[in-house]
Visitor: 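Take a look at this one; I'll ask things after.
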Amino acid sequence: MKVAIITGASQGLGLATAGALAGLGWAVAIDGRREDVLRRAAALLPAGQVAAIPGDVTDPGHRTRLAEAARRLGTVELLMNNASELGPSPMPSLASYPPGELAAVYAVNVLAPVALTQLVIGDLTATGGTVINISSDAAAEAYAGWGGYGPSKAALDHVSAILAAEHPELRVYAFDPGDMRTEMHQRAFPGEDISDRPEPAVAVPAIERLLRERPPSGRYRAADLLVGVPR
Ligand SMILES: NC(=O)c1ccc[n+]([C@@H]2O[C@H](COP(=O)([O-])OP(=O)(O)OC[C@H]3O[C@@H](n4cnc5c(N)ncnc54)[C@H](OP(=O)(O)O)[C@@H]3O)[C@@H](O)[C@H]2O)c1
């Protein structure tokens with residue numbers, strides 16, 4: 001069975017993607033730090049097609065357990081680095097950003113995806129697999145107050161581009177899903193009504209399109225990929 005490792009899949013975009021891929025016959029190895037939330041998410045997915053490993057992507061032991069659980073399910077063909085850290089909420093300006101908090105943002109958003117990629121690169125190259133690194137418009141636009149998260153996603157975009165250059169046999173995508181009504185988005189806009197933002201499921205057909213059509217490695221926006229896709 002084809003296996004996708006999807007980090008941060010106990011809710012939000014990760015869970016929506018895991019559900020969609022399971023429906024397409026993939027097995028999914030998923031994680032998240034809150035064990036109860038992860039267990040509830042796993043219960044929504046088809047038994048026999050899911051391994052739910054609680055833990056933090058910055059923990060090397062956890063990453064190893066996640067990769068091993070994925071291999072027990074079948075052949076690892078997709079790594080989706082989706083788990084992400086916004087930083088403090090409300091988000092501080094760069095001038096007052098606590099260095100320790102900044103390091104924590106980069107640890108989750110840049111260093112952990114690279115380390116997890118290193119763990120499964122052999123699995124992925126064996127099948128000409130896919131890496132999807134979840135990016136953001138904040139990687140490309142300089143929004144005041146986004147000085148931790150935004151540059152970390154820009155670094156993840158560049159990581160994706162270099163991985164693609166080093167591994168032409170893979171597809172490596174930096175993927176901007178657009179605004180989504182999630183816990184992270186609410187933390188970015190504390191106290192604001194975000195009910196006008198779409199549910200994360202809206203972005204999933206764009207991910208399915210990347211996997212189905214396998215366009216060249218690069219940076220893609222859901223808004224562009226969804227043009228012409230039946231909803
Ligand atoms: N929402 C938006 O508008 C938006 C826009 C652009 C890009 N994005 C990106 O889309 C992706 C998904 O975000 P989302 O909005 O769906 O967020 P979300 O609903 O808040 O979900 C985040 C998921 O990641 C897990 N997670 C967070 N830190 C983790 C860690 N250190 N180790 C393991 N799991 C961790 C969370 O579970 P625990 O907290 O229990 O660990 C949760 O399952 C992220 O990469 C985000 O940057 C979101």
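What you see is a predicted model; the values in this text were computed from it and never measured. Residues: numbered from 1 along the sequence shown.
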Visitor: Tell me the closest heavy-atom pair linking Leu21 and Ala4, and the distance in Å.
Guide: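 Closest pair (atom of Leu21, atom of Ala4, distance): CD1-CB, 3.9 Å.
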Visitor: Cluster partners of Met1, using ILVMFWY side-chain heavy atoms under 4.5 angstrom, listed by chain and number?
Guide: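 Direct or chained contacts put Met1 with none.
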Visitor: Once side-chain hydrogen bond (donor to acceptor under 3.5 Å, both in side chains) is applied, what residue pairs with a partner in residues 113-124 remain, sequence neighbours excluded?
Guide: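 Of all non-adjacent pairs touching residues 113-124, those that pass side-chain hydrogen bond (donor to acceptor under 3.5 Å, both in side chains) are Arg71-Asp123.
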Visitor: Sorted by first residue and then second, give each side-chain hydrogen bond (donor to acceptor under 3.5 Å, both in side chains) pair with at least one member in residues 8-23; sequence neighbours left out.
Guide: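 Found Gln11-Glu183.
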Visitor: How does the hydrophobic cluster around Tyr106 look, that is, which other residues are in it when side-chain heavy atoms under 4.5 Å mark a link?
Guide: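 Direct or chained contacts put Tyr106 with Tyr97, Leu102, Val105, Val110, Val114, Val159.
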Visitor: Between Arg171 (side chain) and Arg214 (backbone), is there a donor-acceptor pair under 3.5 Å?
Guide: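 Pair found, side chain donor or acceptor close to backbone of Arg214.
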Visitor: Take Tyr220 and Phe175 through the test ring pair (Phe, Tyr, Trp, His ring centres under 6.0 Å) and record every step on the way to the result.
Guide: CA-CA 5 Å; Tyr220 290 85; Phe175 174 74; 8.5 Å; no
Visitor: Please collect all side-chain hydrogen bond (donor to acceptor under 3.5 Å, both in side chains) contacts where either partner lies in residues 79-92, sequence neighbours excluded, each pair once.
Guide: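 Residue pairs with at least one partner in residues 79-92: Asn81-Asn133, Ser84-Asn109, Ser84-Lys153.
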Visitor: Carefully, step by step, assess Leu124 and Thr130 under the rule side-chain contact (heavy atoms from CB on, under 4.5 Å).
Guide: CA-CA 7 Å; Leu124 295 171; Thr130 305; over 6 Å; no
Visitor: Under 30°, 30 to 60°, or over 60°: which ring-plane class applies to Trp146 and Tyr149, parallel, tilted or perpendicular?
Guide: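 Aromatic pair Trp146/Tyr149 classed perpendicular.
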Visitor: With side chain to side chain donor-acceptor pair (under 3.5 Å) as the criterion, how do Ser135 and Arg219 come out once you've worked through the C-alpha distance, each side chain's angles and the decisive distance to 0.1 Å?
Guide: CA-CA 9 Å; Ser135 183; Arg219 189 177 195 280; 3.2 Å; yes
Visitor: Which pairs, with at least one residue in residues 54-95 and sequence neighbours excluded, count as a ring pair (Phe, Tyr, Trp, His ring centres under 6.0 Å)?
Guide: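 Qualifying pairs: none.
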